[in-house]
Amino acid sequence: DFAVHSFKDLPSELNDQLQITAIPQREAVNEVLISNYSWDELPDNATIGTSSLRREAFCKYHGKNIKTVPLRGNVETRIRKVLEDEVCDATIMAAAGINRLGLQENIKEIFDETYIVPPAGQGALAIMTNKDSEYNDVIAKLNHENTRIEALCEKTILETLGVGCQWPIGITSKVKGNNIDIHAKLLTPEGGLLSDIELTDKKDNAIDAAKEIGMKLKEESLWNRQM
């Protein structure tokens, strides 16, 4: 009758028969470090367990000389592999998943969302239903309007820019009263800065503001690649 997905993992285009009926209140958007080392203590040439181009790029952007290795398994398995030094020195994960599973004691550090900018939609869930489902009115009551505005705003930036979630881009937004603060940061895979945009607009104008940011990101990234 319905399915629950991580919002950040949704495809850009949905099946015509499906809709996002509710986006409940968001969990933390932050990224966290799982390691026996602190961020500052990570050794030169440290191994980071990740397949995320964004996380790798942000590590390099902050001057970390790292190499990445695959880290497989569910959340608990990946944490154990890191803390028992089986595969790598550290990994970076979403705080939301850690919090939902009650595994906060394994967090070494919480990164500010402006330091390692998370992917669009992180911390949000999407409840999908058929457009003609008899349960839509009931499920819609789970919707948190400010979270919905934030998540759809961030998704719109990605769609306008025309890149998938594997590009090294971080996007966050936060509704504050009648306004929305939006931040998007696009890097090269090597950690170079292509574009860094912050904008505040009325929350009722969030989608138009997102499209404006997406177009500006596209223009600035093309310009910087040609330089």
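- Between the side chain of Asn36 and the backbone N or O of Leu83 there is at least one donor-acceptor pair closer than 3.5 Å.
- Residues meeting the side-chain contact (heavy atoms from CB on, under 4.5 Å) test with Asn143, sequence neighbours left out: Ala22, Ile23, Glu145, Arg148.
- Judged purely by atom type and a 3.5 angstrom limit, Glu154 uses its side chain to pair as donor or acceptor with the backbone of Gly121.
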- How far apart are the C-alpha atoms of Asn136 and Thr129, what are their side-chain angles, what is the distance that settles it, and do they pass the side-chain hydrogen bond (donor to acceptor under 3.5 Å, both in side chains) test? CA-CA 7 Å; Asn136 284 344; Thr129 66; 2.6 Å; yes
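- Side-chain contact between Leu10 and Ile20 is present, with heavy atoms from C-beta onward closer than 4.5 Å.
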- After noting the C-alpha distance and the side-chain angles of Thr114 and Asp112, does the key distance pass the side-chain hydrogen bond (donor to acceptor under 3.5 Å, both in side chains) rule? CA-CA 5 Å; Thr114 62; Asp112 189 272; 2.5 Å; yes
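- Listed for the Asn106 side chain is a donor-acceptor partner under 3.5 Å among the backbone atoms of Leu103.
- Judged by distance alone, with hydrogens and angles left aside, the side-chain atoms of Thr91 form a donor-acceptor pair with the main-chain N or O of Gly49 at under 3.5 Å.
- Here the side chain of Glu56 pairs no donor or acceptor atom with the backbone of Pro189 at under 3.5 angstrom.
- Although no hydrogens or angles enter the test, the distance criterion places no donor-acceptor pair under 3.5 Å between the side chain of Lys185 and the main chain of Leu193.
- Taking 4.5 Å as the limit, some side-chain heavy atom of Leu71 sits within range of a side-chain heavy atom of Lys81.
- You'll find the side chain of Asn15 stays beyond 4.5 Å of the side chain of Met128, heavy atoms only.
- Asp181 pairs in a salt bridge (charged side-chain N to carboxylate O under 4.0 Å, His left out) with only one of the listed residues (Lys176, Lys174, Lys202), which is Lys176.
- Taking a 6.0 Å sphere around CD of Glu84, one finds it holds more than 12 heavy atoms contributed by other residues, nucleotides or ligands.
- At distances below 3.5 Å, not a single donor-acceptor pair connects side-chain atoms of Arg55 with backbone N or O atoms of Thr50.
- When all heavy atoms are compared, the tightest approach of Lys8 to Ala120 is CB-O, 3.1 Å.
- Taking every heavy atom of both residues into account, Gly170 and Val117 meet most closely at C-CG1, 3.2 Å.
- The two residues Gly123 and Ala96 make their nearest non-hydrogen contact at CA-CB, 3.7 Å.
- Although no hydrogens or angles enter the test, the distance criterion places no donor-acceptor pair under 3.5 Å between the side chain of Lys60 and the main chain of Thr188.
- Looking at heavy atoms from C-beta onward, Arg54 lies out of side-chain contact with Ile169 at the 4.5 angstrom threshold.
- Under the side-chain contact (heavy atoms from CB on, under 4.5 Å) criterion, Val29 pairs with Arg26, Glu113, Pro118, not counting sequence neighbours.
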- Please lay out, stage by stage, how Gln25 and Asn146 fare under the test side-chain contact (heavy atoms from CB on, under 4.5 Å). CA-CA 8 Å; Gln25 187 164 8; Asn146 283 349; over 6 Å; no
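- A donor-acceptor distance shorter than 3.5 angstrom exists from the side chain of Ser35 to the backbone of Asp89, with no hydrogens or angles considered.
- Between Phe111 and the choices Val32, Asn30, Ile116, the side chain to side chain contact (heavy atoms under 4.5 Å, CB included) rule is met once, by Ile116.
- Below 30°, between 30° and 60°, or above 60°: for Tyr115 and His62 the angle between ring planes is below 30°, a parallel geometry.
- Taking the side chain as every heavy atom from C-beta outward, Cys59 and Ile92 approach each other to under 4.5 Å.
- Looking at Leu142, Thr147, Val4 one by one, the single match for side chain to side chain contact (heavy atoms under 4.5 Å, CB included) with Leu125 turns out to be Val4.
- At least one side-chain heavy atom of Ile79 sits less than 4.5 Å from a side-chain heavy atom of Met93.
- Among all heavy-atom pairs drawn from Glu220 and Asp196, the shortest one is OE1-N, 4.3 Å.
- Smallest separation of non-hydrogen atoms from Ile213 and Ile197: O-CD1, 4.0 Å.
- Residues passing the side-chain contact (heavy atoms from CB on, under 4.5 Å) test with Asp132 are Asn130, sequence neighbours excluded.
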